[in-house]
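Contents: one structure, followed by commentary.
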Amino acid sequence: MSSNRIVLRVPLEPLTGSRFQPTGFPDLGPAVFERPLRDGGTERCLLIESNQSMANRLEGTAWDDGTQTPVALFEALPWIRVSGTNPDRYLTSSRTEAHRLASAFVKESVTSDGQAMVDLILERLNLRDDTPLAPREIARAVFELDPFCLIHGVFFADKRWPGQPKITRAITASIEAHGILDAVSGGVKRDLVRHSINDKDDGGSKEGYGSIPFSRVEYTAREIIATFVVDLALLDSFGLEPPARELLELIALWEIRTLL
């Protein structure tokens, strides 16, 4: 820990056996890479959970999927709830959308008073043409709408918001495996009813009939490390009152502890 950041490196291990399956990426598959070692060599490594994935997991610790509301500890803090045509029907929220307050579902919604959210956010952040952005004013306004956006970041990327302000993440995390080896296995999806199939006819393997063998590549590793970084300097830069500043840091640490 320094005055500018908190860094936590946490060793992990698979819960069942020694193999694990990482997050896969479109058109890439497992994110395998080479890491330079101090002796001049390299070792084969793997990104198990990306920054984006870990952000979702950290945010998820403070959300109750069963009730579609924040967990009880944070129920008094502000957030934006988006309903469908029926006001009692939950649709989404600033806590669960990928872009948080800047989500299309949030900004294109209308308040219970009939004001467009895109205009409300414009007013709250005091965004105007021919005027420099005021980062601390923006941070205070965002805190009053949803303080979690100051922890996990938000980018107001819309031409209707002059200056399109961006707040970077105050907490960043990832999970890497170092010194990995392939663990190749496989199996078969058995069909106890249809023993012979012909893909030229209806009812073949394409439709899910028949016994279908498959292969699988998992991994083992010398070590698995989860890294968490809380940017204290960024939290300080928001210029919030001390209780608000402390609240953001404690939420970040609570999310890490709860996830682990």
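Computation of the quantities below employed the complete heavy-atom set of this structure, encompassing side-chain atoms and omitting hydrogens, waters and symmetry-equivalent molecules.
The distance from atom CG of Leu28 to atom OG1 of Thr23, rounded to the nearest 0.5 Å, is 11.5 Å. For the atom pair CZ (Arg100) and CG (Leu150), the distance works out to 11.0 Å, reported to the nearest 0.5 Å. Atoms CZ and CG, from Phe238 and Leu248 in turn, are 7.0 Å apart once rounded to the nearest 0.5 Å. The CD1 atom of Ile6 sits 7.5 Å away from the CD1 atom of Ile256 when rounded to the nearest 0.5 Å. Distance CD/Glu246 to CG/Leu240: 12.5 Å, rounded to 0.5 Å. Taking CG from Leu253 and CZ from Arg257, the interatomic distance works out to 10.0 Å, rounded to the nearest 0.5 Å.
The two residues Ile48 and Phe20 come nearest to each other via the heavy atoms CD1-CE1, 3.6 Å. Residue Leu122 comes nearest to Arg160 through the heavy atom pair CD1-O, 3.6 Å, listed as atom of the first residue, atom of the second, then distance. For the pair Cys45 and Ile180, the tightest heavy-atom approach, listed with the atom from each and the gap, is O-CD1, 3.5 Å. Gly84 approaches Leu91 most closely through the heavy-atom pair N-CB, 4.0 Å. Shown here for Thr42 and Pro36, the closest heavy-atom pair between the two residues is CG2-CA, 4.1 Å. The shortest non-hydrogen separation linking Leu127 to Trp161 is CD1-CB, 3.7 Å.
A 6.0 Å sphere centred on NZ of Lys189 holds more than 12 heavy atoms belonging to other residues, nucleotides or ligands.
Between Asp158 and Lys107 there is a salt bridge, with a side-chain nitrogen of the basic residue lying less than 4.0 Å from a carboxylate oxygen of the acidic one. Glu144 and Arg140 are not joined by a salt bridge, as no carboxylate oxygen comes within less than 4.0 angstrom of a charged side-chain nitrogen.
Annotation: side-chain contact (heavy atoms from CB on, under 4.5 Å) contacts of Arg57 (sequence neighbours excluded): Glu49, Ser53, Met54, Leu259. Residues meeting the side-chain contact (heavy atoms from CB on, under 4.5 Å) test with Pro78, sequence neighbours left out: Pro147. Residues that satisfy the ring-ring contact (aromatic ring centres under 6.0 Å, His included) test with Phe143, not counting sequence neighbours, are absent from this structure. With sequence neighbours excluded, the residues that form a side-chain contact (heavy atoms from CB on, under 4.5 Å) with Ser103 are Glu97, His99, Phe105, Val106. Under the salt bridge (Lys or Arg N to Asp or Glu O under 4.0 Å) criterion, Arg124 pairs with no residue at all, not counting sequence neighbours. Shown here are the ring-ring contact (aromatic ring centres under 6.0 Å, His included) partners of Phe148, two or more places apart in sequence or in another chain: Phe74.
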Practice problem: Take Arg245 and Glu249 through the salt bridge (Lys or Arg N to Asp or Glu O under 4.0 Å) test and state the conclusion after the steps. | Solution: CA-CA 7 Å; Arg245 158 65 179 78; Glu249 182 177 339; 2.8 Å; yes
Practice problem: Could you go through the side chain to side chain contact (heavy atoms under 4.5 Å, CB included) check for Glu176 and Ile225 one step at a time? | Solution: CA-CA 5 Å; Glu176 293 183 359; Ile225 302 294; 5.6 Å; no
Practice problem: Would you sort out whether Phe228 and Val7 count as a side chain to side chain contact (heavy atoms under 4.5 Å, CB included), showing the intermediate values? | Solution: CA-CA 6 Å; Phe228 302 87; Val7 181; over 6 Å; no
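Thr96 and Tyr90 share a donor-acceptor pair across their side chains, judged by distance under 3.5 Å alone. At a cut-off of 3.5 Å, with distance as the only test, no side-chain donor of Thr172 or Asn51 sits close to an acceptor on the other residue.
His178 pairs in a side chain to side chain donor-acceptor pair (under 3.5 Å) with only one of the listed residues (Arg222, Glu223, Arg44, Glu43), which is Glu223.
Residues Ser83 and Arg89 are not in side-chain contact: their nearest non-hydrogen atoms beyond the backbone lie 4.5 Å or more apart.
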